[in-house]
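Residue numbers start at 1 and run along the sequence shown. Note that this is a predicted model, so its numbers are computed, not measured. Every number for a ligand or one of its atoms is a count from 1 in the order of the listing.
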Amino acid sequence: MSNKIQTLSGYIHEYQKSVQDPDNFWGRIADSFYWHKKWDRVVDWDFEKPDVKWFVNGKLNITENLLEKHLFLLGDKPAIIWEPNDPKEAVRTITYRELYEMVCQFANAMKAQGVEKGDRVIIYMPMVPEAAVAMLACARIGAVHSVVFAGFSAKSLADRIEDCQAKMVLTSDGNFRGDKKIAVKKVVDEALENTSSVERVIVLKRTGHEVIMKDGRDIWWSDAIEGVSKENKAEVMDAEDMLFILYTSGSTGKPKGVVHTCGGYMVYTTYSFQNVFQYNSGDVYWCTADIGWITGHSYIVYGPLLAGATTLMFEGVPTYPNPGRFWAICDKHQVNQFYTAPTAIRALQVFGAEPLKPYALDSLKVIGSVGEPINEEAWHWYHDHVGKGKCPIVDTWWQTETGGVMVSPIAGVTPTKPSYATLPLPGVQLAILDNDGNELKGNSVEGNLCIKFPWPSILRTTYGDHERCRQTYFSSFKGYYFTGDGVKRDEDGYYRILGRVDDVINVSGHRMGTAEVENAINEHPKVVESAVVGYPHDIKGQGIYAYVICDMEGRSEENLKNEIRETVNKIIGPIAKPDRIQIVSGLPKTRSGKIMRRILRKIATGETSNMGDTSTLLNPDVVEEIIEGAANVS
Ligand code: WTA
């Protein structure tokens, strides 16, 4: 692992090299991978189009770097340790050799079912090793996977299938989540009623739910692999061929399909994994995310497995069968690096230190955080109670679009500061811009977080709509990638992420576009109009606050609110259900008819002492009414 930074001066040196000569810097790192053909140029880029290519004309298959590469030295080493939802069920340990065989076999099975290079495959599965196998089998044959979090509704699933015109869906009969059993295949069936591109569905048996298998379309996983060879010759891919699409919410419209490609994503996820977590051979690494999110892609599956690490995969939830579950798993598997989200930390913090008492947690060396700003209180609790004061916290800032961690301490190397993501990784050239697009130089500044030079795992496009990619990320500030986050660089040059500056709400680390939630609410037949904003929530970070104008006739307020929540649940999924709903008679609007969210945000937050100038509103009186009504909102 020659690419590993070990000292602060080493970090500074690497960082400077990465800025002065990016070609040389990334070329050297990419050299440690297996390529069928080396690249002609390291990077070609133009942020205005945008058009970014890394390792131009390089040929590779990411799974050869993850499987074949490790067979010789690590063949018998655990690649995946799987901890089931029910602690009484048996753990599964899959070695690199076994993973190789499972991936090759399933790759062959998918091919036999008609999947070809370039086809899109939707993965809608629980957290079981087969989900990782499914992703890797796609990569093996050059199919493009798009994992959809298995908590999303049939409608959300159908939208994604439709958008990418998927040929196949991989799913399970059901999911275990805590004490719940969820009938997953049913959701797929419902989604497929309204889409036409899917030819085959492969179904893994997990819960024993009764399912209807549609003749000629559905096939059991076990039947699909029956008698199929465990050898497969990897498809040779161009560095810029699509590896996967992952849908994520933005401030406008429907979720968009963020596209990542093979070469750059491989290099960056490996490099960032090795450095941020300082993984050492023999360590057990655990990231608690779901593979439905980018964190699961980059830091449960690709990054750790490319680095030859042992990655733990957990099927369940932090509070089942009790709030000590995370800590029980850490001790049981002697976890060395533990990576979770602030919302999980805050949810567990509520139970106090008691649930931690039975556990030593002495194997932990590094603890990480991702998904949203971590408040100081949660940071200290995590540091003191989980890390026992001896584990560095890596607060990692990044996005679906960045593919890998951008700003984070390097464990044990970068001095940490509560609530600070600290410093950019080598290769990441940050810029803070004011609203007029001027770069704010020097320390003690605050503004919009932008990036001025490409890194290997930057998104390449949004699937089927390149203009949307340009508009969303590359048009706010000419020549820069705009993250949508606000940031402060303090007097020491350290970065603290301040949260979204656009209309995206971060609920328990999940991105929700306000427009998306509004559209779902508006589907309720009695709703006339709605406006959604975020407000501070003790556990979720942000909660969803919906102001709704509706026709109340024949309904109680309580019933109507429940129905609205159910509508959102059906259209998007449970994570988008509004925490608070306020029925209002009007929404504050400008004379041009634009909703004044600034005012609604203030009311939702309870900051009503200074509402700013409301005189230019079309309907200033409604503000008073909303403030009064807000006092009784649930
Ligand atoms: C937020 C998750 C503060 C941020 C990897 C970003 C964070 C959005 C952090 C991306 C962090 C993520 N500190 N905020 N350490 N990590 N965010 O695409 O607002 O699900 O833009 O990627 O989460 O969310 P996404």
Side-chain angles (χ1 to χ4, degrees), residues 147-149 151-152 244-251 255-260 265 268-269 272-273 276 287-303 339-346 367-376 378-379 382 393-409 414 416-425 428 430 448-451 457-459 462 472-473 476 481-488 494-514 516 534 540-542 575-576:
V147 184
V148 177
F149 174 58
F152 275 124
F244 66 84
I245 305 168
L246 186 59
Y247 286 86
T248 189
S249 295
S251 48
K256 49 192 174 291
V258 168
V259 170
H260 285 288
Y265 181 81
Y268 196 79
T269 52
S272 53
F273 171 76
V276 169
C287 165
T288 68
D290 189 283
I291 51 150
W293 314 117
I294 191 68
T295 309
H297 283 61
S298 303
Y299 299 109
I300 294 178
V301 180
Y302 286 107
Y339 190 27
T340 196
T343 187
I345 298 165
R346 288 190 301 262
I367 55 179
S369 169
V370 61
E372 53 179 310
I374 177 165
N375 50 309
E376 287 198 32
W379 194 98
Y382 197 29
I393 294 183
V394 289
D395 176 3
T396 64
W397 174 84
W398 58 296
Q399 310 178 293
T400 305
E401 296 85 347
T402 70
V405 172
M406 299 272 103
V407 185
S408 167
T414 316
T416 58
K417 210 186 249 196
S419 295
Y420 279 75
T422 73
L423 297 171
L425 294 195
V428 177
L430 305 176
N448 300 298
L449 179 57
C450 295
I451 307 178
S457 61
I458 183 175
L459 87 160
T462 46
T472 312
Y473 308 105
S476 307
Y481 166 83
F482 175 43
T483 64
D485 280 313
V487 70
K488 161 177 150 182
Y494 266 41
Y495 291 85
R496 177 175 190 159
I497 309 297
L498 303 171
R500 305 288 305 195
V501 294
D502 55 9
D503 287 326
V504 170
I505 315 180
N506 192 327
V507 187
S508 301
H510 302 148
R511 277 163 66 170
M512 295 303 326
T514 50
E516 211 185 328
K540 299 179 176 184
Q542 278 191 298
I575 52 177

Nearest-neighbour protein heavy atom for atom 13 (N) of ligand 1, which is reported as residue plus atom name and distance: Glu372 O, 3.3 Å
Nearest neighbour in protein (non-hydrogen) for atom 24 (O) of ligand 1: Arg511 CD, 3.1 Å
Ligand 1 atoms in contact with Pro373 (distance to a heavy atom under 4.0 Å): 3 (C), 13 (N), 14 (N)
Non-hydrogen side-chain atoms of Val370 and Trp398 separated by less than 4.5 Å: yes
Ile497, portion touching ligand 1 at heavy-atom distance under 4.0 Å: side chain
Tyr339-Thr295 side chain donor-acceptor pair, cut-off 3.5 Å: no
Ligand-residue contact atoms, ligand 1 with Thr295, heavy atoms, under 4.0 Å: 5 (C)
Between Tyr299 and Ser272: side-chain donor-acceptor atoms closer than 3.5 Å: yes
Contact atoms of ligand 1, heavy-atom distance to Asn506 under 4.0 Å: 1 (C), 23 (O)
Protein contact to atom 4 (C) of ligand 1 [nearest heavy atom, distance to 0.1 Å]: Asp485 OD2, 3.1 Å
Numbering as shown, the atoms of ligand 1 that approach Asp395 to under 4.0 Å (heavy-atom distance): 11 (C), 13 (N), 15 (N)
No-hydrogen, no-angle side-chain donor-acceptor test under 3.5 Å, Thr400 and Tyr247: no
Flag side-chain contact, heavy atom, 4.5 Å: Trp293 against Arg511: no
From Gly371, Ala341, Gly509 - option closest to atom 23 (O) of ligand 1 by heavy atom: Gly371
Ligand 1 to Arg500 polar contact by distance, N or O atoms, under 3.5 Å: yes
Atom indices of ligand 1 within 4.0 angstrom of Thr396 heavy atoms, with elements: 9 (C), 11 (C), 15 (N), 16 (N)
Which segment of Val504 sits under 4.0 Å of ligand 1 when only heavy atoms are counted: neither
From Thr422 atom OG1 to Tyr495 atom OH, the distance as rounded to the nearest 0.5 Å: 10.5 Å
Residue pair Ser298 / Tyr265, side-chain heavy-atom distance below 4.5 Å: yes
Distance, nearest 0.5 Å, that separates CD1 of Ile393 from CH2 of Trp379: 4.5 Å
Close side-chain approach of Ile374 and Ile345, heavy atoms under 4.5 Å: yes
Ligand 1 contact by Trp398, heavy-atom criterion under 4.0 angstrom: yes
Residue pair Asn448 / Val501, side-chain heavy-atom distance below 4.5 Å: yes
Residue Val370 vicinity, atoms of ligand 1 by number, heavy atom under 4.0 Å: 5 (C)
Identity and distance of the protein heavy atom lying nearest atom 18 (O) of ligand 1: Thr400 OG1, 2.5 Å
